Amino acid sequence: MEMNYDDKEIRQIEAELHTEILPGTEIMADVGTHHFVKGAGKTVLVPQPSDDPHDPLNWSTGWKIACITASTVVTFTQGFGPLALAPMFEPIMEDFHCSLADAVQFTGVCILVLGFSNFIWVPISTSFGRRPVYLLSQLINFGTSIWRAKATSYGSFMGACVVNGIGAGPAETMQPAVIADIFFLHDRGKWNTLYWVTYMGSLMVGPIISGPMASNVGWRTFWWLNTALLGFSFLLVVFMFPETKYHRPHPDELNHTISKGSPAASSNEKLETAITTENTASKPTDPESIQQVPTSDCITGPLAGLTQEETAALDPYLGKGKPGKYQWRVFQPNAHPFKTILLDLWIPWKMFAFPIVEFASFVVSWSCSSFLTLNLTQSQAFAAPPYNFKPQTIVGFFNFAILVGALIGLFTAGPLSDWISARSTRRNNGIREPEMRLPAMIPYVIIMYLGNIIVAVGYQRHWPWEAIVIIGFTCAGIQVAALPSISSTYAVDSYKPVAGSLFVSITVNKNVWGYGFSKFITVWAEDDGFIPPIMTNGSLILLWCLFGILFWWKGKTFRRWTKNSKVHRM
């Protein structure tokens with residue numbers, strides 16, 4: 001739950017609605033005498049924003065767009081380089097005198113390190129904020145990009161790949177946390193889809209650009225371009241990304257602070273003043289933009305029947321706030337940093353015991369490996385007869401089809417999952433359950449399996465490249481934008497307080513499998529053809545996605561098992 005109800009309020013709402021409220025369950029409509037902050041279209045806002053102008057949920061649209069733009073550019077630039085090597089394998093093999101399997105390890109090792117690096121970045125993010133993570137990681141990536149451009153040996157280039165894997169880790173964990181910091185629940189589907197499209201899109205665009213550059217101006221030039229992009233991204237963070245991490249009091253904290261002069265008491269005094277002041281209703285306000293009740297409390301009784309003008313007076317900053325000076329610091333102070341860091345080192349491993357996290361981890365991991373499969377096999381397939389394409393010039397452009405598919409996923413998956421959730425919420429008397437997103441996976445599971453069949457059989461039987469690329473690669477792009485975003489948003493909706501740690505669990509799972517797959521797919525395809533490895537991977541994706549039926553049916557039971565976990569109070 002993100003509404004910060006205390007136990008008494010939860011029992012009252014449960015009695016009125018005749019339903020059980022668990023972490024992840026959200027009330028999206030007023031209940032009896034319980035009235036909530038609403039935005040445009042009278043949508044209940046979850047979580048409820050505070051009456052602080054510097055609360056990221058209160059920031060104006062301009063500041064939110066600036067912030068998410070800087071974050072998105074960081075995500076793109078950190079993913080741009082690591083998987084751009086495929087079209088450059090041939091000249092790199094010549095320069096470093098290595099085999100194709102050895103060259104593939106530049107990608108595999110970077111992926112492996114990238115996943116585990118978030119055991120560094122997420123604790124820093126939780127303890128000191130998102131801003132220092134972006135600043136420090138981009139400086140590391142900037143240095144490793146120069147290192148790659150200047151490397152003269154296999155070992156040196158591999159060292160740059162390892163350090164780059166450390167620096168690029170935030171691309172897989174930070175933006176979902178930023179999205180949860182500044183956007184409300186009913187909008188997260190589309191923004192999380194934007195994140196997945198941006199990250200996976202960067203992995204697609206990298207080969208598109210690196211191939212022609214390697215062929216025409218040399219592979220090292222690509223890394224100088226990458227260096228410039230990283231420098232530009234660093235400047236965006238400096239000037240457009242204030243700190244988004246914001247502490248919201250938990251119910252147990254509120255229960256201990258309601259005394260004279262305390263924050264909660266102050267909030268109640270503001271409420272009484274707003275209700276009793278005669279000139280409150282005369283303040284102009286847009287009836288569709290703000291409808292407010294106290295953020296920290298869900299007051300019953302006195303709030304019943306408040307006019308929109310009265311409720312708007314309680315939070316004049318919704319949609320009008322801006323970052324405070326303290327949010328532009330390099331890092332935010334923390335009274336107990338070591339305790340926070342130790343917790344963040346442990347929580348990702350603990351999350352593996354939660355069924356919903358396991359489900360999201362497996363769907364994300366294998367869905368992304370479907371794209372990785374294309375990245376690692378396209379040179380192997382299309383450089384050989386009967387195609388005989390030059391990897392540096394042709395194979396890179398084949399990724400355009402994957403990118404187009406990802407854009408289709410961007411414009412359909414997020415809005416579809418949000419729409420299905422909203423529709424199910426209305427039919428459920430205003431109660432939203434995280435599982436309501438899962439039916440949106442159905443069309444994308446079908447597209448995923450169709451794409452794997454076309455690519456695997458097309459490679460093996462030497463179908464026309466147009467069929468493989470236009471249909472198979474596009475299907476891969478659609479599913480890699482949709483399935484990870486829907487499943488991970490489901491997990492975040494269920495365990496929002498630990499969104500960063502949750503993505504560490506997902507990333508470790510994804511990148512360990514990706515590294516292992518990169519180790520044996522080349523040899524497996526050489527020995528047995530393309531159908532066994534590609535269809536094995538596609539069938540595993542199908543298997544994990546089919547578990548969505550179980551979670552749609554019993555997901556609330558799984559959340560009940562973890563309802564008393566401390567992760568909900570972090």
Side-chain angles (χ1 to χ4, degrees), residues 83-90 100-101 104 107 200-201 203-208 210-212 366-409 443-484 513-514 517-545:
L83 261 70
L85 286 168
M88 297 188 283
F89 281 156
E90 188 174 293
L100 175 61
V104 168
T107 298
M200 301 310 297
L203 308 183
M204 301 166 196
V205 172
I208 293 172
S210 67
W366 270 262
S367 175
C368 290
S369 74
S370 183
F371 164 71
L372 179 63
T373 299
L374 300 187
N375 184 272
L376 297 178
T377 60
Q378 55 185 337
S379 292
Q380 188 179 5
F382 287 121
Y387 305 108
N388 297 316
F389 289 134
K390 293 181 179 180
Q392 299 97 323
T393 56
I394 302 297
V395 173
F397 286 109
F398 286 168
N399 285 276
F400 269 122
I402 309 177
L403 180 60
V404 170
L407 293 175
I408 294 173
Y444 302 105
V445 173
I446 297 171
I447 290 170
M448 175 277 300
Y449 208 66
L450 175 65
N452 274 273
I453 292 172
I454 291 173
V455 170
V457 178
Y459 277 174
Q460 190 67 35
R461 304 288 171 82
H462 303 304
W463 286 1
W465 69 265
E466 294 89 346
I468 300 172
V469 174
I470 295 174
I471 302 177
F473 281 30
T474 300
C475 287
I478 294 172
Q479 68 87 27
V480 85
L483 295 178
W513 169 250
F517 203 51
S518 72
K519 290 285 285 186
F520 60 72
I521 187 172
T522 301
V523 177
W524 191 359
E526 288 174 350
D527 293 342
D528 299 329
F530 291 103
I531 292 177
I534 294 177
M535 288 311 302
T536 296
N537 190 68
S539 297
L540 286 171
I541 304 172
L542 177 62
L543 174 63
W544 309 138
C545 289

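A quick note: this is a predicted structure, and the numbers were derived from the prediction, not measured.
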Measuring only between side-chain heavy atoms, which start at C-beta, is [X] closer than 4.5 Å to [Y]?
| X | Y | value |
| --- | --- | --- |
| Tyr387 | Ile468 | yes |
| Leu374 | Tyr459 | yes |
| Phe89 | Thr107 | yes |
| Met204 | Phe371 | yes |
| Gln460 | Val457 | no |
| Phe382 | Val469 | yes |
| Asn537 | Ser370 | yes |
| Tyr449 | Met535 | yes |

First locate atom [atom1] of [X], then atom [atom2] of [Y], and finally report the distance between them rounded to the nearest 0.5 Å.
| X | Y | atom1 | atom2 | result |
| --- | --- | --- | --- | --- |
| Leu450 | Thr474 | CG | OG1 | 11.0 Å |
| Phe389 | Phe398 | CZ | CZ | 4.5 Å |
| Ile402 | Leu407 | CD1 | CG | 12.0 Å |
| His462 | Phe530 | NE2 | CZ | 8.5 Å |
| Ile541 | Thr373 | CD1 | OG1 | 7.5 Å |

Return the minimal non-hydrogen interatomic distance between [X] and [Y], and the atom names on each side.
| X | Y | answer |
| --- | --- | --- |
| Gly211 | Pro87 | CA-CB, 3.5 Å |
| Leu542 | Met448 | N-CE, 3.7 Å |
| Ser210 | Ala84 | OG-O, 2.7 Å |
| Val445 | Cys545 | CG2-CB, 3.7 Å |
| Cys475 | Ile447 | CB-O, 3.5 Å |
| Phe517 | Pro533 | CZ-O, 3.9 Å |

message = Ring-plane angle category for Phe520 and Trp524, please: parallel below 30°, perpendicular beyond 60°, tilted otherwise.
response =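 Aromatic pair Phe520/Trp524 classed tilted.
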
query = Is the backbone N or O of Leu483 less than 3.5 Å from a side-chain atom of Ser367, with the two atoms forming a donor-acceptor pair by type?
reply =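 Side chain of Ser367 to backbone of Leu483, a donor-acceptor pair under 3.5 Å: no, none is there.
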
query = Are Trp463 and Ile454 close enough, and set up right, to give a side chain to side chain contact (heavy atoms under 4.5 Å, CB included), and what steps lead you there?
reply = CA-CA 9 Å; Trp463 286 1; Ile454 291 173; 4.2 Å; yes

inquiry  = Against Gln380, only a single residue in Val104, Ile521, Thr522 fulfils side-chain contact (heavy atoms from CB on, under 4.5 Å); can you say which?
reply    =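 For Gln380, the side-chain contact (heavy atoms from CB on, under 4.5 Å) check succeeds only for Thr522.
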
